[in-house]
Structure formats: structure tokens, C-alpha cells
Amino acid sequence: MLHLQNYINGKLVAPASGQYLPNINPATGEVYSQIPDSGEQDVLEAIKSAEEAFLAWSNLSAEKRGRYLMRISELIDQNLDRLAEAETTDNGKPLWLAKTVDIPRASSNMHFFGTGIQHFASESHFMEGVAVNYTVRKPLGVVACISPWNLPLYLFTWKIAPAIAAGNCVVAKPSEITPYTAYLLSELCIEAGLPAGVLNIVHGTGPNVGAPLCEHPSVKAISFTGGTQTGKTIARTAAPLFKKLSLELGGKNATVIFADCDFEKTVATAVQSAFSNQGQICLCGSRILIERPLYDQFKSAFLERVKTLTVGDPMLADTKQGALVSEAHLQKVLQYIELAKEEGGVLLTGGQRVQLEGRCANGFFLQPTVFENLPHSCRTNTEEIFGPVVTLIPFDTEEDAISYANATEYGLSASVWTNDLTRAHRVSHQLHAGMVWVNTWLLRDLRTPFGGMKQSGVGREGGWEALRFFTEAQNVCVKL
Ligand code: NAD
């Protein structure tokens with residue numbers, strides 16, 4: 001059986017403990033590989049190698065660093081099929097999704113920051129006749145990148161790329177639930193000739209690897225994407241050590257639909273936004289707010305489409321919904337379905353585990369599920385479920401729509417559907433969400449700030465924001 005390895009100091013190595021954890025394919029329920037069950041000793045080795053690599057890497061020109069990233073991007077492209085199959089095997093997502101979204105985006109992340117760093121200029125402020133200030137942005141040193149299981153290689157590279165482009169050396173930890181493409185990335189980094197220690201990847205659990213990594217005084221910044229509870233733990237660790245912190249956490253996003261929307265486009269995108277990746281995208285719109293005059297028409301068109309979302313083997317081309325990531329996560333989502341019923345929700349479709357035949361007979365599949373008749377303030381409508389479960393909620397006025405949309409502790413994203421341009425702006429500005437899409441969803445420009453308000457996180461990723469996060473400003477004032 002395949003044994004994944006850590007990537008430390010440019011080499012693939014076994015964990016110091018010699019222990020491994022089983023890695024399960026969510027579509028079959030079978031253990032198909034073993035993951036290093038690393039611990040503090042591996043983390044210390046990785047930090048040491050990153051520290052040793054830092055001086056040379058940070059002194060390399062931005063152009064030369066960028067070339068390594070672009071080489072890695074090319075290798076990701078060349079290995080598209082292999083990486084997509086690995087992602088699907090690890091995560092349960094449809095193969096076509098991994099091939100068209102996850103892996104191409106991982107390549108773009110590398111390419112985007114590999115080129116972007118070459119345009120990252122310093123600012124200067126001239127004090128007429130008195131002095132000139134210039135601000136240099138220096139890499140921090142060793143930084144930690146910790147990522148979740150839902151978009152494994154996509155989010156892993158979204159952090160690593162700006163960190164190394166800016167001249168830092170990284171110790172990265174992918175989710176122990178989906179480590180496979182991170183392992184393959186380490187092979188590609190070796191093939192690309194990335195200098196030893198610039199990127200180190202340590203596999204294992206949050207408590208055994210993530211915690212000692214965050215606690216180590218040599219780690220100057222932590223870029224974390226994951227759950228809000230884990231984010232709180234990391235924030236508690238980081239605060240007294242004065243580490244820079246970027247936290248991309250959970251969401252409970254609203255899709256706000258006005259009666260004057262472009263109906264067909266709205267229904268199609270609302271379905272996509274609700275159920276893409278089995279609802280396991282932090283940006284998924286799981287609360288669908290619909291202006292009352294459109295409610296019945298929307299409901300029937302929405303349900304008709306949801307019923308066409310074939311749940312099946314993620315390797316098959318006509319599968320729309322693959323497996324949930326794990327049995328434990330499936331059980332969590334099923335508990336939320338029970339809660340929705342207890343809270344008075346009317347189940348419109350779905351709600352059941354799906355039993356497939358053949359290869360996928362023991363997989364973690366769930367029907368796409370839609371509820372109505374739940375108050376906007378109930379737990380189902382305010383807590384993150386992170387699965388294929390959505391609610392339809394009617395509203396009467398624009399003010400109601402805004403207040404329902406904002407009635408959660410989360411503030412990651414929202415989408416607004418209307419052909420009234422003024423209203424689109426007015427509503428967007430009143431939503432407590434770090435990202436608002438108007439008449440679209442998940443249309444990404446990597447230059448824009450990405451992140452959430454309230455319990456959805458702290459800081460922003462993307463574009464200059466990411467490069468600023470991974471650098472420290474130093475102002476030099478020269479008297480004339
Ligand atoms: P998680 O918080 O359980 O784990 C995320 C990562 O943190 C994993 O690598 C895990 O091993 C590690 N970790 C766990 N405990 C740790 C600790 N004490 N110290 C350091 N690291 C630790 O999250 P998950 O279940 O993997 O991912 C799902 C969550 O991620 C959802 O809440 C989702 O909304 C969120 N998410 C947010 C975004 C965003 O951009 N805002 C994107 C994707 C996912």
C-alpha cells in the first residue's frame with residue numbers, strides 16, 4: 001500500500017515515529033494509503049530546514065523565485081490527470097470538478113504569484129524639500145501554512161505560493177483527511193528543483209503537527225484556512241507570541257434573490273452555489289432568501305433541477321454529486337438534517353444517505369437536501385453545516401432580506417440576484433460579508449481581497465493583500 005512521506009529539507013522522509021494513519025477513499029470507504037503520523041520532532045526538523053534555507057532564498061531575486069513557481073505551475077499542468085484522480089480518490093469530489101477547477105486553480109495560484117511578485121514594488125513618500133521615505137517589504141522568515149480538506153491542493157497552494165514568492169520559507173500542513181495531492185506536490189517541487197528547505201510539508205493531525213507548528217517561536221506568521229473553532233485555538237496560541245495571523249474560517253452564506261432577477265440564470269446558479277462539491281465549499285450559498293412573489297415559482301424550478309443532480313461514483317463523467325469527505329462528516333450533516341426537522345423544517349427533497357452499488361457500496365453519499373419553513377434565526381439557518389443541505393426562506397422587503405442575511409455570526413460571502421442596478425449596490429454594501437457577488441457566484445479574480453468578516457476570519461488573502469501579509473514593512477526616512 002502507498003505510504004505517503006513528509007517533505008523535509010528537499011527530501012521525502014518517513015515520520016520520526018515510524019507511525020502512519022489510514023487514508024480512506026470516501027467513495028468506497030476503503031483504506032487506500034497510509035499517511036505519516038508526524039509529531040513535534042518532524043515539525044522541528046522542518047522548521048530547522050526552513051530556517052537554514054531562508055537566507056539564500058530571500059536573497060534570490062524575485063524573478064528567480066518566480067521562475068521556480070512557474071516551473072511548479074507547469075508541472076501541475078503536465079500532471080493534471082494524475083493530480084485530479086488523486087484529489088477525487090482522497091476527497092470524493094467528482095473527477096470532472098477536480099480536473100476543471102481544483103487542479104487548474106492550483107496551477108494558477110503558482111503562476112499568479114510567481115509573476116505577481118515581480119510587480120510588487122515598494123512605496124515612497126516624498127516630503128517636499130525635507131526628506132524621502134521609502135518602504136521596503138521584507139519576507140518574514142519561516143511561516144506556517146495550514147489548510148483544510150474541501151479544496152485540498154487549491155487552498156494549499158493558495159497559501160504556499162504567495163509565501164514563497166515573497167521570499168519566506170514554509171512549513172505547510174495539509175489536512176490529514178486529504179493529504180494525497182500535497183504529497184504529489186512535494187514530488188513536483190523536487191522535480192522542479194526547488195531549493196531544499198524552501199517548502200517543507202509535514203503530514204499528520206492538527207494536535208500533533210498543527211499545534212507545535214503554531215506554537216514554535218521561529219514561525220513568524222500563520223496562514224490558516226479551516227473551521228472557526230480551530231481558528232480560535234490558533235488565535236489564542238498566536239496572540240501572546242505576536243505572530244501575524246491570517247484566518248479564513250467558516251461561512252453560512254446567503255443567496256439573496258429578488259423577483260426582478262434573471263430567473264433561469266438565478267435558478268441554475270443557486271443550485272450550483274448550494275451543491276457544488278457536495279456543499280463543501282466555504283462559499284456555498286446554503287441560505288436561499290427569495291422575495292415572496294417569486295417564492296413558489298423559484299421553489300418548483302429549483303427542486304426540479306436539484307432532482308437532476310445524480311449522486312454517484314465520483315470517477316464517472318455524469319456524476320454531479322460525489323461522496324462527502326468522511327463517515328464522521330456525513331454523520332454530522334445527517335444530524336443537522338434531524339435538527340432541521342426538529343426545528344419545524346419541511347423537507348422538500350433529499351434527507352437520506354444514498355446506498356450505491358458495486359465499488360461505491362460503502363461510500364459516504366448523501367442526497368442533496370432542501371428544507372423550507374425554517375425561521376431565519378434557527379440553528380439550521382445560522383450554523384455552518386458544510387454539506388449538501390440548504391433552506392429556502394421567503395422575504396417581503398429589502399430590509400428583511402438584509403437583516404435575515406446578516407443574522408448569523410459568519411460573514412464570508414453572499415450573492416445578490418436582481419436586475420435593479422441601484423438595489424444591487426445598495427444591498428451589497430449593507431451585507432456583512434467579505435465578498436459579495438452580484439448576478440454570479442464564485443467568479444474569482446485572484447487579485448481581489450479574499451476573506452471574511454465576523455467569525456469567518458481575520459485578514460484577507462489574494463493579490464497584494466497576500467504579499468503584504470507575508471512581508472513586513474520597513475520604512476526608511478532619508479533627510480534631504
Ligand atoms: P479544521 O479546522 O478541522 O482543520 C483545518 C486544518 O487545521 C487541518 O489541516 C487540521 O489538521 C488543522 N488543525 C486542526 N487542529 C489544529 C490545531 N490545534 N492547530 C493547528 N492546526 C490544526 O477544518 P476542516 O474540517 O479541515 O475544514 C472545514 C472548514 O474549513 C469549514 O469550516 C470551512 O468553512 C472552512 N473553510 C474556510 C475557507 C475560507 O476561505 N474561509 C475555505 C475552505 C474551508
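Being a predicted model, the structure only gives us computed values, none of them experimental. Order of appearance sets the numbers: ligands from 1, and atoms from 1 within every ligand.
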Using a 4.0 Å heavy-atom cut-off, which part of Leu213 comes near ligand 1: side chain, backbone, both, or neither?
neither
Option nearest atom 35 (C) of ligand 1 (shortest heavy-atom distance, choices Gly226, Pro174, Cys282, Gly250):
Gly226
Taking distance alone, with no angle check, do Phe224 and ligand 1 share an N/O pair under 3.5 Å?
no
If the test is side-chain contact (heavy atoms from CB on, under 4.5 Å), which one of Val202, Asp42, Asp37, Val43 qualifies with Asn208?
Asp37
Looking only at distance, does Ile234 have an N or O less than 3.5 Å from an N or O of ligand 1?
no
Counting N and O atoms only, with roles assigned by atom type, does the side chain of Asp90 sit under 3.5 Å from a partner on the main chain of Tyr180, one being a donor and the other an acceptor?
yes
Nearest to atom 12 (C) of ligand 1 by heavy atom, Ile146, Leu249, Val209: which?
Ile146
Are His3 and Tyr20, when compared by the centres of their aromatic rings, separated by less than 6.0 Å?
yes
Decide, yes or no, whether a salt bridge links Arg82 with Glu85 under the criterion of side-chain N to carboxylate O below 4.0 Å.
no
Side chain, backbone, both or neither: Leu412 near ligand 1, heavy atoms under 4.0 Å
side chain
Contact (N/O only, under 3.5 Å) between Thr230 and ligand 1
yes
Under 4.0 Å, heavy-atom basis, I'd like to know which part of Glu176 is in contact with ligand 1: side chain, backbone, both or neither.
side chain
Are any non-hydrogen protein atoms located under 4.0 Å from atom 30 (O) of ligand 1?
yes
Parallel, tilted or perpendicular: rings of Tyr404 and His376 (30°, 60°):
parallel
Short N-O contact, Lys11 and Glu45, less than 4.0 angstrom
no
Going by heavy atoms in the side chains, are Tyr336 and Val389 under 4.5 Å from each other?
no
Proximal atoms of ligand 1 relative to Thr225 (non-hydrogen, under 4.0 Å):
5 (C), 36 (N), 37 (C), 38 (C), 39 (C), 40 (O), 42 (C), 43 (C), 44 (C)
Closest by any non-hydrogen atom to atom 9 (O) of ligand 1: pick that one out of Gly206, Ser147, Ala144, Gly210.
Ser147
Heavy-atom distances under 4.0 Å are what count here, so tell me which part of Gln229 touches ligand 1: side chain, backbone, both or neither.
neither
Note: Lys159-Glu461 ion pair, threshold 4.0 Å (strictly below)
yes
